[in-house]
Number of protein chains: 2
Amino acid sequence: MVEQQASQLDAVFKAVADPTRRAILARLASADARVTDIAKDFPMSLNAVSKHLRVLEGAALVRRTVVGREHVLALDASAMAEAARWMDHYRRFWEERLAALDALMTERTKKGRKK
Amino acid sequence: MVEQQASQLDAVFKAVADPTRRAILARLASADARVTDIAKDFPMSLNAVSKHLRVLEGAALVRRTVVGREHVLALDASAMAEAARWMDHYRRFWEERLAALDALMTERTKKGRKK
DNA sequence: TTGTTGTTCAACCATATGGTTGAATATCTA
DNA sequence: TAGATATTCAACCATATGGTTGAACAACAA
């Protein structure tokens, strides 16, 4: 049986799986912003955006600083590291497969020439 | 307004957001396998696993070869490339921030010493 | 103090998701 | 032909998700 632990990976991947949330991250990559500022860019209620922000915050992809009544959100891409590493593992897997295939083909071509 | 296009990214991230599906990918990284083989490793019905496989297939993370009544699944990590690139973009963003912060701190330390 | 602004909370709704079971279908085997 | 095996299809269910609206609340501005 394969072990399963609800990890930080889940939170990050789930957060990032939603296109609106990816757009919010892109928005915050250019500059920190308040909830209202962000909401203006999206075709949905401020409340909906607020919810998305909570999800991003929960995944630690976004940091919140409360200044008076304003909540300033900032991108915290460091939380993406683990997920990026996970993906990279598979990227490498894929590259190795390609390399192996390539080697095999080269080998076959050589043998073909010898005959 | 921010544009939104339901892309391949969505499919990959959504597929990968589920821990069971990540486990299936890990399983397939070690060897190709039939639906039944995979299902044996998981504490759920074969049907549930079959559904997960369809999702992975839909995201092009898995390739299916039908041989008689058997369906052999193989990992196709190449579909992960776009998603990995997306993440890498943010990883780089983060590293640049850190570097900038580091430079700033160094600068301040220098000034401090001069005084 | 009174209003306006920035934000969350709460309730609700439709649809998606991850699981189940039971049946149908197709292929191999005796 | 008659099982047994491998898989999908279909219906169903509980819960999660992404959205809405309306109210509450806190902080700033007049």
Side-chain angles (χ1 to χ4, degrees), chain A residues 1-25 27-28 31-59 61-74, chain B residues 1-25 27-28 31-59 61-74:
Chain A
M1 286 292 181
V2 174
E3 297 284 322
Q4 298 212 162
Q5 27 155 359
S7 62
Q8 174 67 7
L9 262 187
D10 281 272
V12 171
F13 277 132
K14 284 211 177 131
V16 135
D18 185 281
T20 298
R21 287 195 285 265
R22 285 202 303 278
I24 291 178
L25 291 179
R27 169 76 169 74
L28 291 176
D32 298 357
R34 300 173 309 152
V35 179
T36 311
D37 300 329
I38 300 168
K40 275 198 210 94
D41 292 346
F42 292 89
M44 65 186 65
S45 72
L46 182 141
N47 274 12
V49 170
S50 172
K51 277 193 186 182
H52 282 302
L53 287 170
R54 268 202 294 143
V55 173
L56 289 169
E57 209 184 352
L61 287 169
V62 141
R63 238 174 320 104
R64 180 190 304 256
T65 313
V66 179
V67 183
R69 62 187 162 179
E70 302 183 351
H71 296 209
V72 178
L73 286 312
Chain B
M1 286 294 181
V2 173
E3 299 283 323
Q4 299 211 166
Q5 26 154 1
S7 62
Q8 174 68 6
L9 262 187
D10 282 271
V12 171
F13 278 133
K14 284 210 177 134
V16 137
D18 184 280
T20 298
R21 287 194 286 265
R22 285 202 302 278
I24 291 177
L25 292 179
R27 169 74 170 76
L28 291 176
D32 298 357
R34 299 173 310 152
V35 179
T36 310
D37 300 329
I38 300 168
K40 275 198 210 93
D41 292 346
F42 293 88
M44 66 187 66
S45 72
L46 182 140
N47 273 14
V49 171
S50 172
K51 276 192 185 182
H52 281 303
L53 286 170
R54 268 202 294 143
V55 173
L56 289 169
E57 209 184 353
L61 288 168
V62 141
R63 237 173 323 102
R64 180 191 304 256
T65 314
V66 179
V67 183
R69 62 186 162 178
E70 302 182 352
H71 296 208
V72 177
L73 287 311

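Just so we're clear, the structure is a prediction, and the values are computed from it rather than from any experiment. Order of the sequence lines sets the chain letters (A, B, ...), proteins ahead of strands, with each chain counted from 1.
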Starting at atom CD of A/E70, determine the distance to atom C1' of C/dT8, rounded to an integer number of angstrom. 15 Å
Establish, with yes or no, whether the OP1 or OP2 oxygen of D/dT8 is under 4.0 angstrom from a side-chain nitrogen or oxygen of B/H71. yes
On DNA chain C, nearest-nucleotide positions of B/A48 versus A/E57: which is more 5'? A/E57
Which of D/dT7, C/dG19, D/dG19 is nearest the side chain of B/M44? It is C/dG19
Please determine, for the side chain of B/R34, which listed nucleotide (D/dA6, C/dT8, C/dG18) has the closest atom? D/dA6
Starting from C1' on C/dT7, measure out to CD1 on A/I38 and report it in whole angstrom. 12 Å
From NZ of B/K40 across to C1' of D/dT7 the rounded distance in Å is 14 Å
Round to the nearest Å and state the distance from A/L46 atom CG to C/dC9 atom P. 13 Å
Checking C/dG18, D/dT21, D/dT7 against the side chain of A/S45 (C-beta onward), the nearest is D/dT21
From the list C/dT20, D/dT20, C/dT7, which nucleotide is the closest neighbour of the side chain of A/V35? C/dT7
Expressed as a whole number of angstroms, how long is the span from A/R54:CZ to D/dA16:P? 14 Å
Please tell me which of A/R69 and A/K14 maps to the more 5' nucleotide of DNA chain D, matching each residue to the nucleotide holding its nearest heavy atom. A/K14
When you get a sec, tell me which of C/dG19, D/dA10, D/dT7 is the closest nucleotide to the side chain of B/N47? D/dA10
Between C/dT5 atom C1' and A/D37 atom CG, what is the distance in whole Å? 12 Å
Touch check for A/T36, heavy atoms < 4.0 angstrom, all strands: base, sugar-phosphate only, or nothing? sugar-phosphate
Does C/dG18 have OP1 or OP2 under 4.0 Å away from a side-chain N or O of B/R21? yes
When rounded to the nearest 0.5 angstrom, what distance separates CG in A/L25 from CG in A/L61? 6.0 Å
Closest non-hydrogen contact found for B/L28 with B/A33 is CD2-N, 3.8 Å
I'd like to check B/R64 versus B/R54 (side-chain heavy atoms, cut-off strictly below 4.5 Å). Are they in contact? yes
Choosing from D/dT20, C/dT7, C/dT20, which nucleotide comes nearest the side chain of A/K51? D/dT20
How far does CD1 of B/I24 sit from CG of B/L53, to the nearest 0.5 angstrom? 5.0 Å
Check whether any side-chain nitrogen or oxygen of A/S50 sits under 4.0 Å from OP1 or OP2 of C/dT8, and answer yes or no. yes
Distance, nearest 0.5 Å, that separates CG of B/D41 from OG1 of B/T36: 11.5 Å
So does A/H52 get a side-chain nitrogen or oxygen closer than 4.0 Å to the phosphate oxygens (OP1/OP2) of D/dG18? no
